[in-house]
There are 2 protein chains.
Amino acid sequence: MTGYAPAEAARRSGFSLDTLRYYEKIGLLADVGRTAGGQRVFTDDDLSWLVLFRCLRDTGMPIAQMCRYAELAREGEHTVDERRELLKQHAAQVEEQMLLLSRQYEHLREKIRFYERLPGPTPETEQPTATPSGPAVSR
Amino acid sequence: MTGYAPAEAARRSGFSLDTLRYYEKIGLLADVGRTAGGQRVFTDDDLSWLVLFRCLRDTGMPIAQMCRYAELAREGEHTVDERRELLKQHAAQVEEQMLLLSRQYEHLREKIRFYERLPGPTPETEQPTATPSGPAVSR
DNA sequence: CCTTGACCTGGAGCGCACTCCAGGTTGGAG
DNA sequence: CTCCAACCTGGAGTGCGCTCCAGGTCAAGG
């Protein structure tokens, strides 16, 4: 019921005004209300969509796919299966992403440990990944 | 000692040929060897740099920062402190990133659970985030 | 020697997700 | 009623990280 002015919606969603307008322009966020004079009024429903978009965006979903999802949702109840599948597929990709990220994070930590084992600028050779910890070549 | 042809280096590093050339062009990868005729020859050292770049890239470090790191490394041993700090700062950002990612992943899972609780296309209203699970507004 | 596939260069182009701008309108406070 | 900050529109511009291209060169097998 409560309506939010653009600035307030931006503040609450964490998206910029321009991004909100952009999302509407490309049809990601549809049917945003307007005042008589044409200024946008965001509802709680719009806000919860934005929360979802933030979640999907933060997890790396491309905008095109978010559009697809939103479109399906607008099409009605008979698309729930497809929507669920879309989200499940995305979740699987996020899992992969998390795995890769934590693996690479470990490499990074190892490299930092290497730097911490040499207290000050020592003489001698410098290799980038030559933390003596295994074969340098990955895959 | 072993030298790798461009295609082999690409295969081993997982970067495309174009990307390897690009990295050299912008000075990220420096002093790549050449044959008499001008064709690149990658060393194991180059390869280990590429492994590092892959790690940093996969964890979201912008190229400019990788360049900074590489430049420092080329400057010599007196930059180890700065290099360590650079990596530590990045690691901190990666931690944040992982936290955000897993939090948003949880939201995603919750949404999927919501979809799984409704077995087939049910009638009635459809709300995007209206998993009855708390305030919709996240900030 | 000839062929052919891998390689070279400089530079243009691309896809994504915004972000910025000019020039005009709206609407609530005083 | 006046003011001015917040808003509107369409469209151009940006930053990043590649990716592609044309037109030429290299080098190993036959």
Side-chain angles (χ1 to χ4, degrees), chain A residues 2-43 46-47 49-50 52-71 90 93 97 100 104, chain B residues 3-43 46-47 49-50 52-70 90 93 97 100 104:
Chain A
T2 9
Y4 306 99
E8 180 66 9
R11 205 187 57 72
R12 285 181 184 247
S13 67
F15 291 112
S16 76
L17 275 174
D18 270 317
T19 299
L20 293 182
R21 289 196 269 258
Y22 169 68
Y23 281 178
E24 195 183 342
K25 179 150 56 181
I26 64 175
L28 181 54
L29 198 59
D31 304 318
V32 176
R34 300 295 181 116
T35 65
Q39 317 225 164
R40 286 177 185 79
V41 181
F42 294 86
T43 63
D46 295 327
L47 259 291
W49 271 105
L50 290 173
L52 175 61
F53 294 152
R54 174 145 293 279
C55 168
L56 297 178
R57 195 193 80 162
D58 285 351
T59 52
M61 182 184 282
I63 280 189
Q65 214 167 342
M66 290 200 249
C67 284
R68 173 99 185 106
Y69 179 88
E71 214 176 311
H90 178 60
Q93 282 174 31
Q97 198 188 150
L100 175 63
Q104 296 293 38
Chain B
Y4 306 100
E8 181 65 10
R11 207 188 53 75
R12 285 181 185 249
S13 67
F15 291 113
S16 76
L17 275 173
D18 269 318
T19 300
L20 293 183
R21 288 197 270 257
Y22 169 69
Y23 281 179
E24 195 183 342
K25 181 148 57 181
I26 64 173
L28 182 52
L29 199 58
D31 305 317
V32 176
R34 300 295 181 115
T35 66
Q39 317 226 165
R40 286 176 184 79
V41 180
F42 294 86
T43 64
D46 294 328
L47 259 292
W49 271 106
L50 290 174
L52 176 60
F53 294 152
R54 174 146 292 278
C55 167
L56 296 178
R57 195 194 80 162
D58 284 352
T59 51
M61 182 184 282
I63 281 188
Q65 215 167 340
M66 290 200 249
C67 285
R68 173 99 184 106
Y69 179 89
H90 178 59
Q93 282 174 30
Q97 199 190 149
L100 175 63
Q104 296 291 40

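In what follows, every chain begins at residue 1, and chains take the letters A, B, ... in the order their sequences are listed. These figures come from a predicted structure and were not determined experimentally.
When atom types are taken as modelled, the side chain of A:R12 and the backbone of A:L47 share no donor-acceptor pair closer than 3.5 angstrom. A:R40 places no side-chain N or O within 3.5 Å of a backbone atom of A:V32 that could act as its donor or acceptor partner.
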Pairs: protein N or O with nucleotides 15-17 of chain C N or O, under 3.5 Å:
{"from": "C:dA17", "atom 1": "OP1", "to": "A:I63", "atom 2": "N", "distance (Å)": "3.4"}
{"from": "C:dA17", "atom 1": "OP2", "to": "A:I63", "atom 2": "N", "distance (Å)": "3.3"}

N/O-N/O pairs, protein side and nucleotides 28-30 of chain C side, under 3.5 Å:
none

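A salt bridge between B:R21 and B:E24 is absent, with no side-chain N of the basic residue lying under 4.0 Å from a carboxylate O of the acidic one. Using a 4.0 Å cut-off between charged side-chain N and carboxylate O, A:E71 and A:R68 make no salt bridge.
For the pair B:E24 CD and C:dG10 C1', the computed distance is 14 Å after rounding to whole Å. At whole-Å resolution of the value, CD1 in B:I26 and P in D:dG17 are 8 Å apart. Summarising the geometry, the separation between CG on B:L20 and C1' on D:dT19 is reported as 13 Å, rounded to the nearest angstrom. Between the OH atom of A:Y4 and the P atom of D:dC7 there is a distance of 15 Å, rounded to whole Å.
For B:Q39 and A:L17, each mapped to the nucleotide of DNA chain D holding its nearest heavy atom, the one lying further toward the 5' end belongs to A:L17.
Taking every heavy atom of both residues into account, A:H90 and A:T59 meet most closely at NE2-OG1, 2.8 Å. Nearest heavy-atom pair across A:M66 and A:F53 is SD-O, 3.8 Å. Between B:Y23 and B:L50, the shortest heavy-atom contact is CD1-CD2, 4.4 Å.
Checking the phosphate oxygens (OP1, OP2) of D:dT9, a side-chain nitrogen or oxygen of A:R34 falls inside 4.0 Å. The side chain of A:T35 places no N or O atom within less than 4.0 Å of a non-bridging phosphate oxygen (OP1 or OP2) of C:dT26. A close approach under 4.0 Å does occur between a side-chain nitrogen or oxygen of B:R40 and OP1 or OP2 of C:dC8. Contact annotation: B:R21 reaches the phosphate of C:dC8 (side-chain N/O to OP1 or OP2, under 4.0 Å). Contact annotation: A:S16 reaches the phosphate of C:dT19 (side-chain N/O to OP1 or OP2, under 4.0 Å).
Side-chain atoms of A:D18 stay outside donor-acceptor range of the base of C:dC18, with no qualifying N/O pair under 3.5 Å.
When distances run from any side-chain atom of A:K25 to the nucleotides D:dG11, C:dC7, D:dC7, the shortest one goes to D:dG11.
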Subject >> A:R54/B:Q104 under side chain to side chain contact (heavy atoms under 4.5 Å, CB included): CA gap, chis, key distance, verdict >> reply: CA-CA 9 Å; A:R54 174 145 293 279; B:Q104 296 291 40; 3.8 Å; yes

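B:L20 places none of its side-chain heavy atoms less than 4.5 Å from the side chain of B:P6.
When heavy atoms are screened at a 4.0 angstrom cut-off, B:A36 is found touching no nucleic acid atom at all.
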